[in-house]
Undergrad: 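Quick one: the structure is below, and I'll ask about it shortly.
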Amino acid sequence: MTPFPRPGRRHPPGLATRLLIAQALVLLAGALTSWLVASAVAPPIFHEHLLQAGVAHTAAEAAHVEEAFGSALLIALIVALLVSTGVALAVTGYFTGRVQRSVAAVAAAGTQIAQGLYDSRLPSPGLGAEFDQLAATINRLGQRLGTVERTRRRMLADLAHEMRTPLATINAHLEALEDGLRELDEPTMTVLHASTARLIRLAQDMTAVSRAEEGQLEMSLVRVSPSSLVEMAAAAAREAFDAKGVALLTRFTAQVPPVLADPDRLAQVLANLLDNALRHTPKGGVVTIASASPERAWVQISVSDTGDGITADALEHVFDRFYRADSARNRQHGGSGIGLTISRAIAVAHGGGLFATSSGQGAGAAFTVRLPAARPLA
């Protein structure tokens, strides 16, 4: 168990103080070593040079000369060491202060990010590539956490919005049943079942996209022809397209290699894309689903429409959970808002991706599933 801090307990010295003390100890050790070495080595060398010079001195004179040399050497050495130590400590203090301020700025930025201030940014400390990289990493961390937090808030708000309508419908019908205003007849049961099914579908979609993004999506991979996937998806959606009066066309490119994929999962992706295209294409419009292989190692299945189109700003967010553009692709078209998110997660789980293109509002849109081609059989 961690004891409570004692009142008045002094904090340990900071990084700058420790660096300065360490540098002072190094300089002190160097000065002491220099003095000991000079004291031990210089006098014998000086005495030897006096003998080689052949200058006649009495013993007392020689001792005095050597003592004078030792004193001068000692004074010069002490002055030199004091000056060099002072200069070294001043330089060390300057750089230590800069390091201390940079570390304090990093700590402050980290504290602000931990407190939820994700817009905090750390300027470059100017202490080298390592500190610049650290500052850039802290800034990217804050930006990423800010994006995640905004997405989380928007997701929770949209999830609450999606749940509010079916829950309100269920609650209103139950109250009407309790008050005797409605009977438990077939129309009432139909409404209750539809609202319950919408909640169940929403929960299933959330579970599916979470498992897909975490790499826990169960798949049974087999060799399958992209053309057969296109035909089955078009056949399943044909009735809905005919009912709305939207033409559904299929196109196939010759010699499209097979893909190693889960047919049921890809059928889910294509069903989502066709449903999305149908919701945003008015009566008399055209939706085309096609397979192609522009590159030998890759296969593409695209769903394009002549409907509402997507603005440039919305293109960056069409795969976000619960995202709907304010203009063309809004809630009046229905949908849970995570069908495209699930579709992209499934495509990524297959080793590919899902991409959206549009020339703008009113110009239609195209969604392309990109999958790696299966290796030829041995």
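In this chain, residues are counted from 1 in sequence order.
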Undergrad: With no hydrogens and no angle check, just 3.5 Å: does a side-chain donor-acceptor pair link Ser343 and Asn272?
TA: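 Present: a donor and an acceptor within the cut-off.
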Undergrad: Under 4.5 Å between side-chain heavy atoms, counting indirect links through other Ile/Leu/Val/Met/Phe/Trp/Tyr residues: same cluster for Val269 and Val224 or not?
TA: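 Result: yes, single cluster for both.
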Undergrad: Taking all heavy atoms of Ser225 and all of Ser228, pick out the closest pair and write down the distance.
TA: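 For Ser225 versus Ser228, the nearest heavy atoms are O-OG, 2.6 Å.
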Undergrad: How close do Ile289 and Ala234 get, counting heavy atoms only, and between which atoms?
TA: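 Answer, listing the atom of Ile289 first, then Ala234: CG2-CB, 4.4 Å.
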Undergrad: Determine whether a donor-acceptor pair (N or O, by modelled atom type, separation under 3.5 Å) exists between the side chain of Ser358 and the backbone of Ala365.
TA: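 Pair absent, no side-chain N/O of Ser358 close to backbone of Ala365.
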Undergrad: Mind listing the closest non-hydrogen atom pair of Ser195 and Ile170 along with its distance?
TA: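 In terms of heavy atoms, the two residues are closest at CB-CG1, 3.5 Å.
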Undergrad: Hey, does Ile301 have a side-chain heavy atom less than 4.5 Å from the side chain of Val230?
TA: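 They are in contact (side-chain heavy atoms under 4.5 Å apart), so the answer is yes.
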Undergrad: What's the verdict on side-chain contact (heavy atoms from CB on, under 4.5 Å) for Leu278 and Phe241, showing C-alpha distance, side-chain angles and the deciding distance?
TA: CA-CA 7 Å; Leu278 179 61; Phe241 276 78; 3.8 Å; yes
Undergrad: Leu340 vs Phe367, test: side-chain contact (heavy atoms from CB on, under 4.5 Å). Steps then yes/no.
TA: CA-CA 10 Å; Leu340 293 178; Phe367 289 83; 3.9 Å; yes
Undergrad: Of Ile346, Leu221, Ile342, which meets side-chain contact (heavy atoms from CB on, under 4.5 Å) against Arg265?
TA: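 Single pass found, and it is Ile346.
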Undergrad: Search all heavy atoms of Val246 against all heavy atoms of Gly285 and return the closest pair with its distance.
TA: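 Heavy atoms of Val246 and Gly285 come nearest at CG1-O, 3.5 Å.
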Undergrad: Less than 4.5 Å apart, any side-chain heavy atom of Asp305 and any of Val286?
TA: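 No. Closest side-chain heavy atoms not under 4.5 Å.
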Undergrad: Apply the test side-chain contact (heavy atoms from CB on, under 4.5 Å) to residues Phe252 and Glu231: give CA-CA distance (whole Å), side-chain angles for both, the deciding distance (0.1 Å), then the verdict.
TA: CA-CA 10 Å; Phe252 308 98; Glu231 290 176 346; 3.5 Å; yes
Undergrad: Just verifying a value: how many Å separate Thr169 OG1 and Leu192 CG, rounded to the nearest 0.5 Å?
TA: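 Atom-to-atom, Thr169:OG1 and Leu192:CG are 9.0 Å apart.
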Undergrad: Would you check if the side chain of Ser293 reaches a backbone N or O of Trp298 as a donor-acceptor pair within less than 3.5 Å?
TA: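 It does hold such a pair.
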Undergrad: Please name the pair of heavy atoms, one in Pro258 and one in Pro226, separated by the smallest distance, quoted to 0.1 Å.
TA: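 Between these two residues, the closest heavy atoms are CA-CD, 3.9 Å.
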Undergrad: Do Met232 and Val303 belong together in a cluster built from hydrophobic side chains that touch within less than 4.5 Å?
TA: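 Per the 4.5 Å side-chain linkage, Met232 and Val303 are co-clustered.
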Undergrad: Kindly compute the distance separating CG (Asp308) from CD (Gln361), expressed to the nearest 0.5 Å.
TA: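 Reported to 0.5 Å precision, the distance equals 7.5 Å.
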Undergrad: Between Pro257 and Ala373, which heavy-atom pair has the shortest distance, and what is it?
TA: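 Nearest pair, atom of Pro257 first, then Ala373: CG-CB, 3.8 Å.
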Undergrad: Between the side chains of Gln268 and Asp264, is a donor N or O closer than 3.5 angstrom to an acceptor N or O?
TA: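 No.
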Undergrad: Please tell me if the side chains of Thr368 and Thr357 come closer than 4.5 Å, counting only heavy atoms from C-beta onward.
TA: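 No - every pair of side-chain heavy atoms lies 4.5 Å or more apart.
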Undergrad: So do the side chains of Asn171 and Leu167 get within less than 4.5 Å of each other, counting heavy atoms only?
TA: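 When only atoms from C-beta onward are counted, Leu167 and Asn171 do not touch, as no gap falls below 4.5 Å.
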Undergrad: Salt bridge or not between Asp275 and Arg279? Use side-chain N to carboxylate O under 4.0 Å.
TA: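 Arg279 and Asp275: salt-bridged.
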Undergrad: Working to the nearest 0.5 angstrom, can you tell me the gap between Ser302 OG and Leu270 CG?
TA: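 Interatomic distance, Ser302 OG to Leu270 CG, rounded to 0.5 Å: 10.0 Å.
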Undergrad: Given Leu248, which partner from the list Asp242, Thr281, Val287 fulfils the side-chain contact (heavy atoms from CB on, under 4.5 Å) test?
TA: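 Answer after filtering Asp242, Thr281, Val287: Val287.
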Undergrad: Give a yes or no on whether Phe355 and Val348 share a hydrophobic cluster (residues Ile, Leu, Val, Met, Phe, Trp, Tyr; joining criterion: side-chain heavy atoms under 4.5 Å apart).
TA: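 In one cluster with Phe355: Val348, no.
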Undergrad: Looking at Arg251, I'd like to know if its CZ atom is crowded, meaning that more than 12 non-hydrogen atoms belonging to other residues, nucleotides or ligands lie closer than 6.0 Å.
TA: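 Result for CZ/Arg251: open.
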Undergrad: Has the side chain of His350 got a donor or acceptor atom that lies under 3.5 Å from a matching backbone atom of Asp262?
TA: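 Here the side-chain-to-backbone pair exists.
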Undergrad: Assess whether side-chain contact (heavy atoms from CB on, under 4.5 Å) is satisfied between Leu260 and Val222, documenting all intermediate values.
TA: CA-CA 5 Å; Leu260 191 64; Val222 297; 5.6 Å; no
Undergrad: Do any side-chain atoms of residues 179-187 form donor-acceptor pairs under 3.5 angstrom with protein atoms, and if so which ones, sequence neighbours left out?
TA:
| from | atom 1 | to | atom 2 | distance (Å) |
| --- | --- | --- | --- | --- |
| Arg182 | NE | Thr188 | OG1 | 3.3 |
| Arg182 | NH2 | Thr188 | OG1 | 3.1 |
| Asp185 | OD1 | Thr188 | N | 3.1 |
| Asp185 | OD1 | Thr188 | OG1 | 2.7 |

